[in-house]
K.L.:
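First the structure, which I've put down as C-alpha cells, then a few questions once you've had a look.
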Amino acid sequence: TPFMLDGFETSLSACCGLAIYPDNAYNCEYLMRSANSALNHAKKMGRNTYQFFDKDRHTLDPTELTKESALFKAITNNEFELYFQPKFDAQHNQLYGFEALVRWPQEDGSVINPDEFIPLAEQNGAIIPLTQLLMEQLLNQLAQWRKQSISFGNVAINISALHFQQSSLIETLIDNLAKFDVPAHCLELEITESAMMDNPEFAEQQMKRIKSIGVHIALDDFGTGHSSLSYLKRFPIDTLKIDKSFVKDIDKNEQDRNITATIVRLAKYLDINVVAEGVETEEQAYMLHIMGCHFQQGYYYCKPLKANQVSEFINDTLEKQQSS
Ligand code: C2E
Ligand code: CA
Ligand code: CA
C-alpha cells in the first residue's frame, strides 16, 4: 500500500533471490552467495519479483562453479572411491594397517586426486557429506574383509578440521560402527593440528568422546603446523605421523634428520606411536628404523591400492614374511 513520506506518496516493492539447501550449496556462506546471485538476476528482471538460483545462470566464477556442481553431483551419485595405502612395521617386517585415501574416478578413465577437490569441499562445506559417505564406504569395506577373514589391522581415514569440529561426527562414527558391526579399534581418525587450534576446549571434549568409543586418533602432518608440545600433553593422541617433507631428505639433510629423530624420541617419552610417511627409498627406511621409527608408510613399501588389490597384497606380504 502506498504511504506518505515527507509529503510524497511512496511505495515499496520487494525483490527476492532464493537458494535452497542442500541443492544449491552445502553451507551458509555458499547458500548466501547463491541467493545473492539469484537476487541479482531478479533485479535484472525488472525488480518487484523473485528468482530461484539457477546454476546455469550464476554470476559466480564459472570454473569454480562448474567444479563445485560436479562435486555436489558426484556426492549425490556416490562416485568416489577409497584407495588403501599399507602401513608397515619395519621392526617385525609385517603389515600393521592401512590409510584410506579418496580418489574421484572420471568417465574417461582418469582419476582426480584429493588435493584437487578436498580444498574446494572444505571451503563449501561439501566435505561433511563427502566424509559421511566415505566413512560408510570404508566400514562397509572393512565388514566385507572381516567376513572374508582378511586381517587388515588398523585402518585410518582423514578427517578435515571443519568436520572434526562438528558434534555430528560422533553420531556418524557410532552409527556406522554399529551398522557394519566393525570393532572400533580397527578404525583411526587422522586429523591435523588445525582441527584443534580454533577451539581447543571443544577439540579436547571431541577427542575424549572419540576415544571413549574406542576409535584411535592420529595427528597428521606433524612438524608442519604449530607442533605444539602442550597439545601433545593435553590431547589423547595415539599416533603422530611425521610429515613427508622431513622424510624426503632425511638421508641428505642433517637438520631434517635431527628434527625427525627428536619427534621420534618425544613420541616415545609420551608413549605415543609414531609413523613416518612418504618413505620412498631403502636408505630412508633404514635411517628411520635405526632412529626407532618402525612404523612406516610410503611408495618404498607400496603405493595406495584399490580395495580389490588389498587381499592379494596381504597374502603376498605374509608369504614374503614367512619365507624370510
Ligand atoms: P595425507 O593425509 O598426508 O596423505 C598422504 C599423501 O601422500 C597421499 O596423497 C599419498 O598418496 C601420498 N604418499 C604416500 N606415500 C608417498 C610417498 O612415498 N611419496 C610421496 N611423495 N607421496 C606419498 P593423496 O592420496 O593424493 O592425498 C593427499 C591429501 O589429501 C592427503 O594427505 C589428505 O590430506 C587429503 N585426503 C586424502 N583422502 C582424504 C579423505 O578421505 N578425506 C580428507 N578429508 N582428506 C583426504
Ligand atoms: Ca593422512
Ligand atoms: Ca600426512
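No hydrogens, no waters, no symmetry mates; every other heavy atom, side chains included, goes into these values. Whatever order the structure lists ligands and atoms in, that order sets their numbers, starting from 1.
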K.L.:
Out of L82, L101, L138, who gets a non-hydrogen atom closest to atom 31 (C) of ligand 1?
P.N.:
L101

K.L.:
With a 4.0 Å cut-off on heavy atoms, is E99 touching ligand 1?
P.N.:
yes

K.L.:
Counting heavy atoms not belonging to D271, are there more than 12 under 6.0 Å from its CG?
P.N.:
no

K.L.:
With atom 45 (N) of ligand 1 as the reference point, say which of N158, L133, D220, D243 has the nearest heavy atom.
P.N.:
N158

K.L.:
Is the W104 ring parallel, tilted or perpendicular to the F80 ring (thresholds 30°, 60°)?
P.N.:
tilted

K.L.:
Taking the minimum heavy-atom distance to atom 39 (C) of ligand 1, which of D115, I191, V102 ranks first?
P.N.:
V102

K.L.:
Does N36 reach the main-chain N or O of M32 with its side chain, forming a donor-acceptor pair under 3.5 Å?
P.N.:
no

K.L.:
Can you see whether N158 engages E99 through a side-chain donor-acceptor pair at a distance of less than 3.5 angstrom?
P.N.:
yes

K.L.:
From atom 5 (C) of ligand 1, work out which of H163, E122, K244 has a heavy atom at the shortest distance.
P.N.:
K244

K.L.:
Considering heavy atoms of the protein only, find what lies nearest to atom 35 (C) of ligand 1 and give residue, atom and distance to 0.1 Å.
P.N.:
P114 CB, 4.2 Å

K.L.:
What I want to know is whether N113 and ligand 1 share at least one N or O pair that is separated by under 3.5 angstrom.
P.N.:
no

K.L.:
Measure from NZ or CZ of R209 to the centre of the six-membered ring of F202, then state whether that distance is under 6.0 Å and the direction lies within 45° of the axis.
P.N.:
yes

K.L.:
If you look at D221, which of its N/O/S atoms is nearest to the Ca ion (ligand 3)?
P.N.:
OD1

K.L.:
If the threshold is 4.0 Å, N to carboxylate O, is there a salt bridge linking K67 and E116?
P.N.:
no

K.L.:
Does ligand 1 have a heavy atom under 4.0 Å from the side chain of Q85, from its backbone, from both, or from neither?
P.N.:
side chain

K.L.:
Just to verify, which of K87, K241, K248 counts as forming a salt bridge (Lys or Arg N to Asp or Glu O under 4.0 Å) with E277?
P.N.:
K241

K.L.:
Could you name the option among P86, A121, S160, A161 that has the heavy atom nearest to atom 44 (N) of ligand 1?
P.N.:
S160

K.L.:
Do L142 and L101 sit in the same hydrophobic cluster, where Ile, Leu, Val, Met, Phe, Trp and Tyr count as joined when their side-chain heavy atoms come under 4.5 Å apart?
P.N.:
no

K.L.:
Should the proximity of R103 to ligand 1, defined as any heavy atom under 4.0 Å, be assigned to the side chain, the backbone, both, or neither?
P.N.:
side chain

K.L.:
Considering all protein heavy atoms, does one lie under 4.0 Å from atom 9 (O) of ligand 1?
P.N.:
no

K.L.:
Which atoms of ligand 1 sit under 4.0 Å from any heavy atom of P304?
P.N.:
11 (O)

K.L.:
Angle subtended at the Ca ion (ligand 2) by OD1 of N158 and OE2 of E99, to 10 degrees?
P.N.:
90°

K.L.:
Will you find, in the side chains of S311 and Q148, an N or O donor that is under 3.5 Å from an N or O acceptor?
P.N.:
no

K.L.:
Please work out whether the ring planes of F152 and W145 are parallel, tilted or perpendicular, with thresholds of 30° and 60°.
P.N.:
tilted

K.L.:
Between R234 and E201, is there a side-chain N and carboxylate O pair less than 4.0 Å apart?
P.N.:
yes

K.L.:
To the nearest 10°, what's the angle at the Ca ion (ligand 2) between atoms OD2 (D220) and OE1 (E190)?
P.N.:
90°

K.L.:
Can an N, O or S atom be found in E277 less than 3.0 Å away from the Ca ion (ligand 3)?
P.N.:
yes

K.L.:
So H294 and H289, would you call those rings parallel, tilted or perpendicular, with 30° and 60° as cut-offs?
P.N.:
perpendicular

K.L.:
Quick one: does I127 get within less than 4.0 Å of ligand 1, heavy atoms only?
P.N.:
yes

K.L.:
May I ask you to identify, for L134, whether its side chain, its backbone, both or neither come under 4.0 Å of ligand 1 on a heavy-atom basis?
P.N.:
side chain

K.L.:
Of the listed options (V279, V247, D221), which comes nearest to atom 3 (O) of ligand 1 when hydrogens are ignored and any heavy atom counts?
P.N.:
D221

K.L.:
N/O of A100 under 3.5 Å from N/O of ligand 1, yes or no?
P.N.:
no

